[in-house]
Amino acid sequence: LAKYKIISFGLGQIGRSIAKLVLSRPEEFELIGAIDTDPELVGKDISELLFLPRRTGIRVRPVGEDLVASADAILDATSSFLSDSIDHLLNFCEEGVDVVSTCEELSYPWLSHKEEAERLDAASRKNGVTLLGAGVNPGFVMDALAITLSGACAKVSKVNATRVLDASKRRLSFQKKVGIGMTPDEFETQLKSGTFGHVGLSESIAMTCAAMGVGVDKVEQRVEPKIAEGPLNTEHFGRLSKGSVIGLIQDAKGYANGKEVANYHIQMYVDAEDPRDEIELLGEPPIKLMIPGGTPGDPATAAIIVNSVPRVVEAQPGLMTLKDLRPAASLMAP
Ligand SMILES: NC(=O)c1ccc[n+]([C@@H]2O[C@H](COP(=O)([O-])OP(=O)(O)OC[C@H]3O[C@@H](n4cnc5c(N)ncnc54)[C@H](OP(=O)(O)O)[C@@H]3O)[C@@H](O)[C@H]2O)c1
């Protein structure tokens with residue numbers, strides 16, 4: 001087995017899960033560095049952040065130190081948005097390092113961020129590196145999995161997907177992102193900022209349809225708050241009264257040539273009933289897949305990011321999406 005030298009970039013909850021997974025697979029990976037902007041984290045041995053019994057000797061470094069070029073791959077877990085990420089992604093290209101990122105907008109930037117996609121693609125090709133945006137969703141449930149299933153259909157006319165998750169079981173930054181604890185007015189204000197709610201539905205739809213040979217012209221989205229019907233206790237936000245926001249419901253429809261080709265639905269709120277992932281392909285033959293309980297978001301994201309390292313290292317240079325690479329696979333542990 002090749003052993004890949006890894007740098008973890010961004011050490012929030014997801015970056016830490018990624019770093020921990022890398023350290024737990026020493027036959028395949030060597031963690032050679034960890035980088036974050038947070039002054040609270042810089043200087044700490046990564047074992048402190050990961051609650052490991054022994055020091056690793058790897059201290060969190062600030063951005064800008066001369067470290068990146070020695071890695072085979074850098075695993076970026078900093079932001080959902082390309083506006084935040086494009087500078088460091090371009091830097092990594094110049095340093096000649098392959099990248100796997102949790103940035104939702106990077107998972108398929110060709111529909112909504114074409115200019116950034118072209119810049120990143122050109123920079124990665126020029127420097128001989130591969131860039132990939134991945135994660136549980138976007139990146140797996142509502143795109144890679146749907147694409148894989150479609151291989152068993154002679155024809156697909158439409159893709160429907162549903163993901164229902166109990167937001168109380170997710171990390172704090174996720175719970176904030178879905179509005180738990182807000183008033184309905186605060187939720188509306190956040191929504192108008194344009195950086196609120198689940199990021200990635202239009203990317204998932206566009207990637208899935210592109211893999212099936214259809215260019216999506218537009219994706220229409222609607223986000224609504226889920227309101228508490230009575231008082232309830234939460235781990236991070238204390239007791240919420242009736243009328244508080246406890247999460248969100250988000251719908252997206254994708255159109256190609258005026259025809260609806262995808263209908264995606266997400267429910268992410270406290271105590272959501274019957275958590276599950278569902279993919280339904282209308283076509284010949286129709287296929288429906290359900291994952292009872294749903295794919296566990298945070299560990300699955302860390303796994304997909306880490307398991308994608310061999311894929312980006314072996315891939316041709318360029319900005320890739322999950323539809324372009326061999327599916328990431330885990331190693332079977334005896
Ligand atoms: N595709 C998917 O399925 C998927 C799944 C899970 C998560 N994600 C995304 O992955 C990202 C990370 O998740 P998280 O919950 O761990 O987020 P988080 O709690 O916000 O942590 C991000 C960390 O990165 C640091 N950071 C921010 N900008 C940086 C930069 N330019 N350079 C270096 N460090 C930087 C932050 O430091 P400061 O605190 O100082 O800002 C923070 O420590 C989020 O955007 C999330 O939406 C995607």
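Excluded from the calculations below are hydrogen atoms, water molecules and symmetry mates; all remaining heavy atoms, backbone and side chain alike, are included. Keep in mind the model is a prediction, meaning the values are calculated, not measured. Order of listing sets the numbers, starting from 1, for every ligand and every atom in it.
The ring pair (Phe, Tyr, Trp, His ring centres under 6.0 Å) contacts involving residues 242-268 comprise nothing, where partners must be two or more places apart or lie in separate chains.
The existence of a salt bridge linking E115 and R119 is excluded, since no basic side-chain nitrogen approaches an acidic carboxylate oxygen closer than 4.0 Å. Salt bridge annotation for K323-D143: absent, with no cationic side-chain nitrogen under 4.0 angstrom from a carboxylate oxygen.
For ligand 1, residues of the protein lying within 4.0 angstrom by heavy-atom distance are F9, G10, L11, G12, Q13, I14, D36, T37, D38, V63, A77, T78, S79, S80, H88, T102, E104, A134, G135, V136, N137, P138, R171, S173, K177, T301.
For Q316, the CD atom is loosely surrounded, since the number of other residues' heavy atoms within 6.0 Å does not exceed 12.
Using bins of under 30°, 30° to 60° and over 60° for the plane-to-plane angle, the ring pair F9/H88 lands in the tilted bin.
Between T321 and D324, the side chains place a donor N or O and an acceptor N or O closer than 3.5 Å (distance only, hydrogens not considered).
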